[in-house]
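Structure record follows, encoded as structure tokens.
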Amino acid sequence: MEYVILMKDDFGGFISRLAKLQKLAAPVSKGYNNFSFQEVSSGDEVALKYIPTIIPPKKFFMPRQETLLEFNTAKGLEVKPVVEHEKITLFGVHTCDLAGIQCINMVFSIRPRDYNYLIRKRKIDIIGLECNEYCDEYASCCLVSSHLPSGGYDLFLTDLGDYFIAHVNTQVGEDIVESIKYFKSAEASNLEELKSLRERKRALFKNEVPIEPRLIPEMFDRAFESGVWKDLEERCLACGNCTNVCPTCYCFDIIDETDMDLKTGRRYRNWDSCQLEPFAKVAGGESFRKERSARQRHRYYRKFRYPVSKFARFFCTGCGRCSRACMAKINLKETLNSLLNDRYASKPFINDEI
Amino acid sequence: MEKTIIKESNYRIRNARVIKARQMTAHEKLFEIALEGGENLDYEPGQFVIVSLLGVGEAPISICSSPTKAGSFELCVRAVGKVTNAMHRLEAGDDIGIRGPYGKGFPIRILEGNDLLFIAGGLGVAPLRSLIKYAFDNRRDFGKIHILLGCKTSEDMLFADELDQWFKRMDVHYECTVDRAAPDWAGHVGQITTLIPGVHLESERTFAVIVGPPIMYRFVIKEILAKNIPERQIFVSLERHMKCGMGKCGRCQIQNLYCCQDGPVFNYAEIKNMKEAI
Amino acid sequence: MKKIKQSMNINVEYLTRVEGHGNIVVNVKEGRLQECRLDIVESPRFFEGILRGRSIFEAQHITSRICGICACGHSLASIQAAEDALGIAPSAQTVKLRKLLLHMEILDSHILHIYLLAAPDLLGVKSFIPLIETHNKVVRRALRMKKACNDVCGVLVGRHVHPISAIVGGFTKLPKQKDLNAMHNTLTGMRPDMEATIDLISKLKFPEFERDTEYVALVNDGNEYPLLAGDIGSTDGVRMNKREYRKATNEFIVPHSSAKHTKLSRESYAVGALARFNLNYEKLHPNAKETASVLGMKPKCINPYLNTAAQLIESAHCLEDAVAIIEDFQNSGIDYSEEITVGLNEQKKIPVKAGNGVGAVEVPRGILYHNYEIDENGVIVNADCIIPTNQNLNNIERDMHKLVPELLSQNHAKSEEEVTLALEMLVRAYDPCISCSTHMIKVGFVC
Amino acid sequence: MKRPKTAFFDLSCCEGCQLQIANFGESLLDILDIIDVVEFREVMSEKWDKEIDMAIIEGSVTDEHAAERLKRIRERSKIVIAYGSCATIGGVNGMKNSFDLAEIRKYVYGDGYKFFPAAKTKAIHQVVKVDYFVNGCPIYPPEFERVLKNALQGIPYYVPDYAVCVECKLNENVCMYDRGIACLGPVTRAGCNSWCINNGNICYGCRGIVSNPNEKGMKDVISKYGIDMGFIVNKMDMYNKCRELKHEED
Ligand SMILES: Cc1cc2nc3c(=O)[nH]c(=O)nc-3n(C[C@H](O)[C@H](O)[C@H](O)COP(=O)(O)OP(=O)(O)OC[C@H]3O[C@@H](n4cnc5c(N)ncnc54)[C@H](O)[C@@H]3O)c2cc1C
Ligand code: SF4
Ligand code: SF4
Ligand code: SF4
């Protein structure tokens, strides 16, 4: 059973049963067109039409604060490495966020492997949800080809009007379908409808920036000294919003905290951001990315250049969160466009056909 | 959220003990450390460990002893912040946690058979000492050895007693300079760069190894290049803010390189065009 | 008056276990009481002065910083004055939630006072620190009860010290069902501790001293124990609208104090738990009346030391009434459409008008008045706050004037230390909040 | 370790920060286990005039008398911890610095104003050296606890030098700017876990301004959202007026 269908009328029942199986998180509305993945127990809490949540689902994979060790120094050094984890199903993960999860999976899977991450990841089941339309003007998922599903889920739902069609990708997905009971197997006509939706999407989702994606790394190779970064220096407030909301930003700090007895305590890691003043400062006071322009540049290179060498993919998922969250309205698509218009950075690469 | 104790963890620390602690200058203290159970720390010169003081934090510190010395290793620590100040309060017999060794050390196999030019500024002598001691212990494997050291004043000089011995050795050329001289200082006065022009080098078979504060590199390298030493025969060791030591936390990133994994020792030719490196 | 035998000179600099800085000065020379006063030496913070030029919508944020202990009370009085000036009538839901907040404020403050500030005197130690050793359970109970109030405020308005979500017009965040449940659990869980507290206090012996005075508190015609709203009333039969608060307080300056004094029908009057008890006993929750009978208290009680006991009675009332309010919400639910967005008016997105408004709220230590005059942009042009402690200062001094000779003339006259302690205890019984009271104001602009 | 002799002092303030400590509940006893409180006027009658290991000071300096008192405390204290906005940045007491001192005294005290001296409000570190800062109005208890532990361990505490927005985003609040409301989060030091925004209010800047704010960028943002600059400056002055003053130490 590779494809199954779920009638819309059964959606409420589906969510309630899912929530009974294990903890369930799904996008919920916070008002003002803001959404957030939160624990839910019924269908009416779920926002089926939503634009990317404030914080991406990475918060389940690498929690904002995560204990690594527990210690007791009362008698010698007594240290226990620990991992915090829970069984949870994520419902409604968009394709851009699936891509984001795939990115951090890679980061924490290459050697030295991060056991805390890997153990936690195994406990999370993922049910994807297709975007039939563009979220808003900030999205750039087509540029990085994350507007269509390409794995990274157990079950993937596409809204086809009266019903959802679901792609069953893993045994876990199969088990969910089995135990929920609302699903029927898909007919050929259903698959046809899915196909035509994807066709429509291909027409609708166009490269948001007029450059062929394979040329982006080269553009960045030439863009290091571009004046575009100087412009960001003036605007960026260094608030760190862009990195905190990015599904592929994973920098962290490691912090010790003792209990009041000053003997027992824990060591945890905490999300951190390359945009913040103290991030790259060394003890001598030297900061290697002191200017906000250098920090912004670093962020863009960490999305479009460096990971291409290391992981052979972009670490931008086109979700548009960074641009949405930026008070100074620093906009990813605009920055890329400015680079394209920067004659040193882009001259040879402009592709007129796009 | 459940919490489970795990065996395999990247953050597991090895229990160790300070077996000797000696105040060297007003700000630096030298520690000799042994791993629990007499285990050897398997390391190369130029590598670093992450020292762990539970409840205070962690700090990357270069190993300043040579792996030829078994049973224990040494760290030279300058008190600047949380961990390093707390470390300065440690004495012989105190517990300490160790992770590592981490990073790429000096490329010994490449250096072997060649002349060596060591240049260190300030605390840079610590990681370099590991290699210098290694070279002394395997003296036959190397050609000529030049050591140039610089520090602020003679009071800030690290390993002063050892330096005296180096000075006496037949088989090394050693010079030292201070920025500001005390009345009883008989040696050179001036920046470390002033020492370089006077050194007689065979450029094609000399490998330069430089460790010092960030501002030092650019000037020193300029002088060395002026001596016709090829760029790929220059090695540097860089310091960056670091947390995990495993190429994840993102702090030590220099463009697409991670100082903790791809360094801290870098070949100059490979990083010279990297804006954020030197 | 009997003859005073001794000469003594008492100067308690920086009176402890009260909020803010005050000194007690007593000077007895060859049997004659020459001087007896409570100096307020807290350096003034000019709150009324700095409010000028600020938006009426941030007044409560600023005035809450007059006092950390009654921050919620200041907020509520300030909000009431602002709404009065703007002509906004809060919704029934908002009023109910505010009542809940005020209950928590009073409960929290009374617990703090009873246990940490007053109990050490009654137990004959210098502070609660030695009690950790000797009365560990008692100390733990006090801290637990205090934290419970704090936790409820945390859920309701973000925090107890300087509440966040209670603003002009209503609340920026309304409690969810699970929040209601959490608050309910916390408060019902506090009942055994409350019983134990009553049990403890009923066994302690309060000093015997009486002086008849005028007691002033909010009064109303309904059945509700008036805290958040009402007219100004007194045991001497005064009844007036809150807008006439200046006539009810008659502030005047005395040279030795950076806080003003007040009077009404007589030379001085008292506000606070005992005043409320004396005026509104009938409207207390049955549990509170029960507590009063355990403590052997009936209105009109004129022993100022028993203010602490009246606080306990009120604590029982506030706890039960708070539980009732929450249960009511649990049953009827909360209307979330009432959640308001902060700052809209302030940023001129909703028009405002000029006006003058008064807030009168019963905070732990008595009636608190705030009065603002605003221009057509909602900017404060004049501000006035009259704090309960100020209203009590005059009365405290009158008590001292009666108490000192009594102490010295009894059959076995008290030593200087004993007199000092008795005076300190007297002052503390009023639970004065000196940081609040140093604000000062003259202008008479109220309509 | 010996329990350090600890004294709590209050200068001009609302004493709300002390209260935050009382609000620790039973875990206050754990704290009292590791420190030896020798003076705490609000809750203790005991007084102490000898050497102090740790002086924890609340409130701002608002007159000469307070400045002198503070200097004497500093002289006999090994460690000085400033806590609360009043102490660390001047806080709401600083608002009076916007006025002519004589005028404001007259407004509040009438003709007798000359009896009530006042000086410009200062934060504690503008008068004496401070070793630890616990910012906030009121202090955020978990941060106070952390600072206390760091002080006991003899290691520094760095007040976060990045914006409240960081914590606010992580708490997934709808940004006030999205709601058309101005908020001081982008220029205010984090560390409070975006307390006010979590509860539906804006950030008022009570923890002081980050050390290197992008003032031009902030102005752009403000004008982009159609907010009056004077309005923001006025808001900023609510807590941060004292930053304009010179430090006595310098
Ligand atoms: C590969 C490598 C090798 C090294 N080898 C050595 C060695 O051999 N010997 C040695 O002594 N050192 C060495 N170092 C440097 C050493 O790691 C640092 O000095 C150490 O990590 C400092 O840690 P700390 O906890 O003591 O300081 P921190 O408490 O982290 O502070 C360091 C400094 O940064 C400032 N600072 C930190 N955080 C903040 C903040 N949030 N806000 C404001 N200011 C802040 C402080 O003012 C302080 O001066 C090495 C570093 C690297 C990367
Ligand atoms: S860089 Fe921006 S658009 Fe790209 S993945 Fe991150 S948040 Fe989304
Ligand atoms: S609400 Fe305020 S603190 Fe939060 S992100 Fe927006 S500007 Fe920053
Ligand atoms: S959000 Fe702003 S005003 Fe509120 S506590 Fe934090 S720093 Fe202070």
Side-chain angles (χ1 to χ4, degrees), chain C residues 14 16-20 42-46 48-50 52-54 58 61-62 65-69 71 112 116-117 120 126-129 132 139-140 143-144 146-147 150 157-162 164-165 167 171-173 253 255 258 339 341-344 347 349 435 439-443, chain D residues 10-20 22-26 28-29 32 37 40-47 62-63 65-66 91-93 95-96 98-99 104-105 107-110 112 115-116 118 137-138 176 179-182 195-196 198-202 204 227-228 231 234-235 238:
Chain C
Y14 283 166
T16 55
R17 283 191 280 131
V18 297
E19 251 237 303
E42 177 88 15
S43 46
R45 298 200 293 146
F46 303 101
E48 285 108 336
I50 59 180
R52 293 170 303 160
R54 306 227 56 116
E58 44 184 38
H61 185 102
I62 296 170
R65 270 76 184 170
I66 292 176
C67 171
I69 294 197
L112 177 78
L116 300 188
L117 310 181
K126 277 194 175 275
S127 77
F128 84 98
I129 301 261
I132 298 175
V139 171
R140 281 188 182 277
L143 294 171
R144 199 160 56 227
K146 181 137 181 41
K147 179 145 192 311
N150 200 57
V157 288
R159 60 192 171 208
H160 172 245
V161 177
H162 310 324
I164 299 169
S165 62
I167 66 167
F171 289 81
T172 58
K173 196 184 122 192
I253 292 187
S258 57
E339 208 164 79
T341 304
V342 67
L344 285 178
Q347 287 173 34
K349 287 171 186 155
S435 33
H439 67 293
M440 295 312 96
I441 186 61
K442 30 116 234 322
V443 282
Chain D
D10 41 18
L11 305 174
S12 248
C13 61
C14 77
E15 313 194 356
C17 291
Q18 303 178 25
L19 205 64
Q20 286 292 82
N23 284 338
F24 269 106
E26 285 178 79
L28 181 64
L29 297 181
L32 296 176
V37 181
F40 195 158
R41 193 197 46 79
E42 197 188 10
V43 291
M44 285 169 68
S45 294
E46 294 89 339
K47 286 187 183 175
T62 53
D63 56 25
H65 175 74
V92 286
N93 296 326
M95 267 187 278
K96 84 162 194 274
S98 306
F99 293 85
I104 199 166
R105 278 156 65 209
Y107 178 77
V108 175
Y109 285 94
F115 299 111
F116 303 102
C137 180
M176 285 294 163
R179 304 167 63 167
I181 304 297
W195 210 346
C196 295
N198 299 352
N199 287 285
N201 216 315
I202 57 164
Y204 291 85
I227 296 156
D228 177 36
F231 174 82
N234 198 39
K235 269 267 175 319
M238 204 148 133

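Throughout, protein chains are lettered first and strands after them, A, B, ... in sequence-line order, and every chain is numbered starting at 1. The analysis underlying the following values was restricted to heavy atoms, covering all of them including side chains, and did not include hydrogens, waters or symmetry mates. If you're wondering where the values come from, they're calculated on a predicted model, not measured in any experiment.
Scanning all heavy atoms of the two residues, the minimum distance from C:Lys147 to D:Gly25 falls at CD-CA, 3.6 Å. Between C:His162 and D:Cys14, the shortest heavy-atom contact is NE2-SG, 3.4 Å. Taking all atoms of both residues into account, the shortest heavy-atom contact from D:Gly200 to C:Thr172 is O-CB, 3.3 Å. Closest heavy-atom contact between D:Val92 and C:Ile50: O-CD1, 3.9 Å.
Counting heavy atoms from C-beta outward, D:Pro138 and C:His160 have side chains that stay 4.5 Å or more apart. D:Glu15 has its side chain out of reach of C:Ile69: every pair of non-hydrogen atoms, C-beta onward, lies at least 4.5 Å apart.
In terms of non-hydrogen atom pairs under 4.5 Å with chain D, the most contact-rich of C:Ile62, C:Val157, C:Ile132 is C:Ile62. Comparing C:Thr341, C:Ile167, C:Asn150, C:Val139 by how many heavy-atom pairs each has under 4.5 Å with chain D, the most go to C:Asn150. Across D:Asn234, D:Ile227, D:Leu32, D:Asp228, the residue that shares the most heavy-atom pairs under 4.5 angstrom with chain C is D:Asn234. Note: D:Glu26 leads D:Arg179, D:Glu26, D:Lys235 in heavy-atom pairs under 4.5 Å with chain C.
Atom CG of D:Asn201 and atom NE2 of C:His61 lie 7.5 Å apart (nearest 0.5 Å).
The contact between D:Ile181 and chain C is made by backbone and side chain atoms together, counting heavy-atom distances below 4.5 Å. Of the two parts of D:Leu28, only the side chain, counted from C-beta on, holds a non-hydrogen atom closer than 4.5 Å to a non-hydrogen atom of chain C. For D:Asn198, the part lying under 4.5 angstrom from a heavy atom of chain C is the backbone only. With a 4.5 angstrom heavy-atom cutoff, C:Leu344 touches chain D via backbone and side-chain atoms both. Looking at D:Tyr204, only its side chain comes within 4.5 Å of chain C, counting heavy atoms on both sides.
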* To do: Before giving the answer on side-chain contact (heavy atoms from CB on, under 4.5 Å), spell out for C:Arg159 and D:Cys196 the whole-Å C-alpha distance, their side-chain angles and the decisive distance to 0.1 Å.
  => CA-CA 9 Å; C:Arg159 60 192 171 208; D:Cys196 295; 3.8 Å; yes

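At distances below 3.5 Å, not a single donor-acceptor pair connects side-chain atoms of C:Arg65 with backbone N or O atoms of D:Asn93. Although no hydrogens or angles enter the test, the distance criterion places no donor-acceptor pair under 3.5 Å between the side chain of D:Asn199 and the main chain of C:Ser165.
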